[in-house]
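Given the structure is predicted, the values throughout are model-derived calculations rather than measurements. All heavy atoms count here, side chains included; hydrogens, waters and symmetry mates do not. Every chain is numbered from 1, with letters handed out A, B, ... down the list of sequences.
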Number of protein chains: 2
Amino acid sequence: MADRRPTLADVAHAAGVATSTVSRAFSRPQRVNHRTRERVLAEAERLGYVPNPAAQALESGRTRTIALLVPDITNPYFSGVIKGAERGAANAGLTLVLGDTAESSAAEAQLVRRLERAVDGFVIAASRLTDDELRTAATRTPITLVNRATAGMGCVVADYDSGTHQIVDHLASYGHRSFVFVGGPAESWSGARRWQGLQAAAAERGMEVRRSGPYLPTLSGGPAAADAVLASGATAVVCHNDILAIGLMRRLAERGVSVPGEISVVGFDDVFGADFCHPTLTTLAERTEDAGRRAVELLVTQVPLRQAGGPTRVLPTQLVVRGSTGPVTSM
Amino acid sequence: MADRRPTLADVAHAAGVATSTVSRAFSRPQRVNHRTRERVLAEAERLGYVPNPAAQALESGRTRTIALLVPDITNPYFSGVIKGAERGAANAGLTLVLGDTAESSAAEAQLVRRLERAVDGFVIAASRLTDDELRTAATRTPITLVNRATAGMGCVVADYDSGTHQIVDHLASYGHRSFVFVGGPAESWSGARRWQGLQAAAAERGMEVRRSGPYLPTLSGGPAAADAVLASGATAVVCHNDILAIGLMRRLAERGVSVPGEISVVGFDDVFGADFCHPTLTTLAERTEDAGRRAVELLVTQVPLRQAGGPTRVLPTQLVVRGSTGPVTSM
DNA sequence: CAAGAAATGGCAAACGCTTGCCATGTGACC
DNA sequence: GGTCACATGGCAAGCGTTTGCCATTTCTTG
């Protein structure tokens, strides 16, 4: 068997040419005679030659690898981003390294340091780093961001302006005149954007909106949020994300409050589960898979050019109306 | 700023030693004088030296990277495996490359080929390859398997023997005398193990069990399965996995069949969502995160030794009883 | 105090590939 | 026929490490 893997030199020897010719046969097709190239490729195929990525990376400085950093791999919101990034990387012939930053900015910074020599660029989702930290890191290795806009860097964000309008319009159509925003973590960039959008949309509609929280963006954050909402007498709530919304609905059910009969509930993300919780959840869907893919594409365009900064891509959002919202009951 | 990254030679120069000494200061601490080592490390720190992984890999043949291959990144069952593997890799100071095989054996084989030069080993979850293909691949690069046992290779599997007994005991305790197994894909190794276990446990209990399917292991597989179950007149069903179970319950609800009133439903996996679907789902939980972590640990022990084969680790499972199961109603 | 062992550090050769530069061969053009 | 440009392929110098081997120094030991 292959006691030793064939190298460039083996192929060169077999084809009767120099290693440089073999190398160029692969990387610069037009730099070598058509017939020579054929021969080299045939030999390479016959020997089962596969280039050694480490050696390629050493000389060229390119690893053909990019890293994706997410705060929590198991959060279904990021599953889509991961899948999209994986797809995008595969399409571009790149290998994807996955890093979990455990929702910690320290872990995130450490991971960036540890990987920056090993990868050609980063896609960072929901980064916890400051704008300055990000920009500093970006001077060493290209970075694009998902769900976080930082001037001068490539970013892919969801269109919350439009999305929050959709939510507000939907609630208004059911006769709601006010609602409560159940907030997530204070540091969350997307949380801030959502709240801004909701305020603006509500203002346009002349609706009243209050904010509650912050709460944990998890199922366990639900009970506290639910109780606060009940105390407020709201007819509708918009939650920081679906998980929180589901936790909240569960608590409301325990307390005998009907959804959407007495309170309408809207979430964000359209995560796995939003269509089979009870009641099914009206939520603003983001194309997370697209976001991951686009972020990789954006990164790829940056890498060769080493251009400073990058454009921001805004991805559409869609309101998915399900069972958790309904008309106001004037009791 | 750092117009050029510091190399071993820079550190060696600054510390007044040879590059070999710097290298050893890092990799073979006892091979170098304590005081010299201190000095070297201090200089390295001061210069912000980070070793170039490509160069390390080139000479040593070790990339300090492992790959995790899963059939579908977005499947919540694998989220736990991914997280565990990521944790395990981080603990071992390894970088984790993630690959999605798109539930295709061809894609899986291709990914293995593409990555085998770039990683020190593979963890493959729910592999679609044949035993022979796996063993062949394992001769070139160490491999451990999750949820798939293949003789001569390191494997981490869930204890379905015990788990299926728990399920059957639970159903029996509610008075069920028979149940239907709603099967998933025919090629699924874990599906086969589950079915075997259920049959054995049912036989011990003197319970009758039939098999239905195969069905798609997705929400959309649920309706067909539900209708078949209804036609069978079963009082209890055990589904190939939670997603299928949830899809099935949804269909039952549409058809006005009460769960667990008329039919009890049990799933496998305890995926995200099993505790907030309606009714909440009784299911056999696997420690998927542990599985991922253990698989990496197993791989790590194999890598340096290059030992052929490896042990099989069996992880416990726990029945999580929720709302979808209940006593038989003798109508 | 001599002789051998251990500790320590340096030299230089890989590792497998890319790439700048040069040599040769070929055809085009005047 | 001579000059030039261009196409093609080879040479060899790295890229930043690791590591086998040797030289030197220091420590033991009898």
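Checked against salt bridge (Lys or Arg N to Asp or Glu O under 4.0 Å), B:Asp159 has no partners two or more places apart in sequence or in another chain. Every residue two or more places apart in sequence or in another chain was checked for a salt bridge (Lys or Arg N to Asp or Glu O under 4.0 Å) with A:Glu289, and none qualifies. Checked against salt bridge (Lys or Arg N to Asp or Glu O under 4.0 Å), A:Arg193 has the following partners two or more places apart in sequence or in another chain: A:Asp161. Remark: B:Arg287 engages B:Asp290 in a salt bridge (Lys or Arg N to Asp or Glu O under 4.0 Å) (not counting sequence neighbours).
Within residues 22-36 of chain B, the residues having any heavy atom under 4.0 Å from DNA chain D are, by residue number, B:Ser23, B:Arg24, B:Arg28, B:Arg31. For the segment residues 44-58 of chain B, residues with any heavy atom less than 4.0 angstrom from an atom of DNA chain C are, sorted by number, B:Leu58.
Heavy-atom contacts from other residues, nucleotides or ligands closer than 6.0 Å to CZ of B:Arg294 number 12 or fewer. Environment of CD in A:Glu38: crowded, with over 12 heavy atoms of neighbouring residues, nucleotides or ligands closer than 6.0 Å.
Regarding A:Leu8, its CG atom lies at a distance of 9 Å from the C1' atom of C:dT18, rounded to whole Å. Rounded to whole angstrom, the span from the CZ atom of A:Arg64 across to the C1' atom of C:dC17 amounts to 15 Å. Summarising the geometry, the separation between CG on A:Asp10 and C1' on C:dC17 is reported as 13 Å, rounded to the nearest angstrom.
Residues B:Leu69 and B:Phe122 meet the side-chain proximity criterion, which asks for heavy atoms closer than 4.5 Å.
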Contact list (N/O, under 3.5 angstrom) for nucleotides 24-26 of chain C vs protein:
none

Identify every side-chain donor-acceptor pair in residues 88-99 of chain A under 3.5 Å, counting partners at least two apart or on other chains, and give the distances.
none

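Within the structure, ring pair (Phe, Tyr, Trp, His ring centres under 6.0 Å) contacts touching residues 9-40 of chain B (residues at least two apart or in different chains) are B:Phe26-B:Tyr49. Residue pairs meeting the side chain to side chain donor-acceptor pair (under 3.5 Å) criterion with at least one partner in residues 14-30 of chain B, sequence neighbours excluded, are absent. The ring pair (Phe, Tyr, Trp, His ring centres under 6.0 Å) contacts involving residues 123-147 of chain A comprise nothing, where partners must be two or more places apart or lie in separate chains.
Taking for each of B:Arg117 and B:Gly16 the nucleotide of DNA chain C with the nearest heavy atom, the 5'-most of the two is the partner of B:Gly16. Judged by closest nucleotide on DNA chain D, A:Glu59 is the one of A:Glu59 and B:Glu59 placed further toward the 5' end.
Five base pairs at each end of the helix from C:dC1-D:dG30 to C:dC30-D:dG1 define two local axes, and these are offset by 30° (rounded to 10°).
Side-chain atoms of B:Arg39 come within 3.5 Å of backbone atoms of B:Ala15 as a donor-acceptor pair (strictly under, hydrogens ignored).
Judged by atom type and distance alone, B:Ser20 reaches the base of C:dC11 through a side-chain donor-acceptor pair under 3.5 Å.
Annotation for A:Ala118 and A:Thr65: closest pair O-CB, 4.1 Å, computed over non-hydrogen atoms.
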